[in-house]
A.B. asks: 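So that we are looking at the same thing, I have put the structure below in structure tokens.
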Protein chains: 2
Amino acid sequence: MTAEEISKSAKVLIADDHKLFSEGLAALVQQIENIEIIGLASNGQEALDLLQLQSVDLLLTDIHMPGMNGIELVKQVKMHFPEVKILVISMYQDPDMVEAVFDVNAEGYILKDASREEFVKAITRLLDNGTYYSSAVMEKLLRKSIQQKRSSQPIVNLSPRETEILRLIMQEYSSEEIAEKLFISKRTVDTHRKNILQKTHSSTLVGLIKYAYQNNII
Amino acid sequence: MTAEEISKSAKVLIADDHKLFSEGLAALVQQIENIEIIGLASNGQEALDLLQLQSVDLLLTDIHMPGMNGIELVKQVKMHFPEVKILVISMYQDPDMVEAVFDVNAEGYILKDASREEFVKAITRLLDNGTYYSSAVMEKLLRKSIQQKRSSQPIVNLSPRETEILRLIMQEYSSEEIAEKLFISKRTVDTHRKNILQKTHSSTLVGLIKYAYQNNII
DNA sequence: CGATAAATACCTATTGATACGGATTTTAAA
DNA sequence: TTTAAAATCCGTATCAATAGGTATTTATCG
């Protein structure tokens, strides 16, 4: 339909901290017609810098990068260069990740284990003003949202203060030491601990610590 | 020196579960002269199957793959096809990982964020009967081994009984419950706990649990 | 056979954490 | 501005865990 857009040779920028991957990807992209690679960035900031210098039609980016991560990069790009289409290429099928990518309005999401065919399809779809979200991933996302509705979030929300205290507990401070550190009474710390135990449904210190580990509060 | 070997077109096999990566890598490799890609495998078993079917000079493999991991694959390949050179391409600079790769006698180890130049260098080095271990990684390995010598293994050896009790602690049993469960006195459990704390150099329950987590005693 | 490690058991004292009550103030959202 | 959540504080009581000890039995290793 919008063949003109493709025919005038789309400009593509790749951002990935794994140089071998981005170079390989570049080699693949170059095999597609009417597409030209205008740069490789190995982190978010570099990508933004390159975007400033020249017009880009399509950004291919990883999520995990040192410094600014992919999500943040997408946000920034969408803010400053809204015309740039963005295809996120990630290792993970984590639904939360996909949701995050969704939320920042990237046009596409595919996995690193996608086939070349799927990759090409995604690119052409995006350049055609469409979107492409890997179906493998979308399925997981759906299943998750369904599950969430069923079990109606037994999600635990520790308050900032509570999280802070849990972190200190994890650092082997006693309640008394935590109190000193935070300039509050030991009683207060006790109360927080009580509430934390309740909220996390744990009945012992050991259970609490296991909770912290499983929720990456370390 | 052994130019004949390179000139007769080396056969390369790539194993990586991220298809986009292996396809990209293939595209890169094909830009090198006298090298031909004879197959892409997306897991260890597939790689072994392909090796059975045709002669291969060089195997490029990831470490993290579903099913058989890269280390295991290298082992198998070295066992059944000892003439195949192996270049491990990994995301991680983890010294333990490099050590493992070393131990199974892979000829090379580079990171996914290596440059194309380094990649090409590694390949030619291997095809020339040499080895190539990314210097970035080797440095870390060295530093680690030095550190290890300095602190000369403060390795902890919990007795079977102690490990058993630690496991029960991790399952949120109190000392009294553990005593009942093991038909011993609570005092005995106390003593064991005391010794466990000593041996693991932890001074609090939290520290102990962290130790258990870090040593997979769960 | 002697030495050592492991497992067992006990004692006293202290510290830390949890249970069960409350209550007030600050802050942010509706 | 009302309301709810978060953060603050206090008391009493009990339980759990740790810090010091000491001591016996059993098995294993050299």
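Lettering follows sequence order; numbering is per chain, from 1.
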A.B. asks: Can you measure Lys186(A) atom NZ to dA17(C) atom P for me and round it to whole angstrom units?
C.D. replies: 7 Å

A.B. asks: Please state whether the phosphate of dA9(C), meaning OP1 or OP2, lies under 4.0 angstrom from any side-chain nitrogen or oxygen of Thr188(B).
C.D. replies: yes

A.B. asks: For Ile184(A) and dA6(D), what is the distance between atoms CD1 and C1' respectively, to the nearest whole Å?
C.D. replies: 12 Å

A.B. asks: Find which nucleotide of DNA chain D each of Tyr173(B) and Leu182(A) is nearest to by heavy atoms, and output the residue with the more 5' nucleotide.
C.D. replies: Leu182(A)

A.B. asks: Glu180(A) has an atom CD; how far is it from atom C1' of dC9(D), in whole Å?
C.D. replies: 17 Å

A.B. asks: Ring centroids only, cut at 6.0 angstrom: are Tyr92(A) and His64(A) within range, meaning strictly under it?
C.D. replies: yes

A.B. asks: What nucleotide among dA6(D), dT18(C), dC9(D) has an atom nearest to a side-chain atom of Leu197(A)?
C.D. replies: dT18(C)

A.B. asks: Nearest to the side chain of Glu162(B) - dA17(D), dA9(C), dA7(C)?
C.D. replies: dA7(C)

A.B. asks: Side chain of His192(A): nearest nucleotide among dA6(C), dT8(D), dA17(D)?
C.D. replies: dT8(D)

A.B. asks: Would you say Arg187(A) places a side-chain N or O within less than 4.0 Å of OP1 or OP2 belonging to dT8(D)?
C.D. replies: no

A.B. asks: Less than 4.0 Å between a side-chain N and a carboxylate O, is that true for Glu164(B) and Arg167(B)?
C.D. replies: no

A.B. asks: Answer with base, sugar-phosphate or nothing: what part of the nucleic acid does Thr191(B) contact at a heavy-atom distance below 4.0 Å?
C.D. replies: base

A.B. asks: Students often get this wrong, so: under 4.0 angstrom with heavy atoms, is Asn195(A) touching a base, only sugar-phosphate, or nothing?
C.D. replies: nothing

A.B. asks: Let me know the distance between CD1 of Ile178(B) and P of dA16(D), rounded to the nearest Å.
C.D. replies: 12 Å

A.B. asks: Ignoring the backbone of Glu176(B), work out which of dT18(D), dA9(C), dA16(D) is nearest its side chain.
C.D. replies: dA16(D)

A.B. asks: Backbone N or O of Ile196(A) within a donor-acceptor pair of the Thr200(A) side chain at under 3.5 Å?
C.D. replies: yes

A.B. asks: For a quick check of understanding: with a heavy-atom distance under 4.0 Å over all strands, which category does Ser185(B) fall into, base, sugar-phosphate or nothing?
C.D. replies: sugar-phosphate

A.B. asks: Test Asp190(B) against every option in Lys186(B), Lys194(B), Arg193(B), Arg187(B) by the salt bridge (Lys or Arg N to Asp or Glu O under 4.0 Å) rule and name the one that passes.
C.D. replies: Lys186(B)

A.B. asks: If you look at every strand shown and take non-hydrogen atoms under 4.0 Å, does Ser174(A) touch a base, only sugar-phosphate, or nothing?
C.D. replies: sugar-phosphate

A.B. asks: Got a sec: does the NZ of Lys78(B) have more than 12 other heavy atoms crowding it under 6.0 Å?
C.D. replies: yes

A.B. asks: From dA17(C), dG21(C), dT8(D), pick the nucleotide closest to the side chain of Lys194(A)?
C.D. replies: dG21(C)

A.B. asks: Starting at the 5' end of DNA chain C, which residue's closest nucleotide do you reach first, Val206(B) or Asp190(B)?
C.D. replies: Asp190(B)

A.B. asks: Are OP1 or OP2 of dA6(D) and a side-chain N or O of Arg161(A) less than 4.0 angstrom apart?
C.D. replies: no

A.B. asks: How many Å lie between CD on Glu172(A) and P on dT18(D), as a whole number?
C.D. replies: 11 Å

A.B. asks: Write down the distance between CG (Leu208(A)) and C1' (dG16(C)), rounded to a whole number of angstrom.
C.D. replies: 14 Å

A.B. asks: Grab the CD1-P distance between Ile165(B) and dA16(D) for me, whole Å please.
C.D. replies: 17 Å

A.B. asks: Side chain of Leu205(B), heavy atoms from C-beta onward: which of dT18(C), dA17(D), dA7(C) has the nearest atom to it?
C.D. replies: dA17(D)

A.B. asks: What is the separation between atom CZ on Phe183(B) and atom P on dA9(C), rounded to the nearest whole Å?
C.D. replies: 12 Å

A.B. asks: May I ask you to test the Leu73(A)-Val77(A) pair for a side-chain heavy-atom distance under 4.5 Å?
C.D. replies: yes

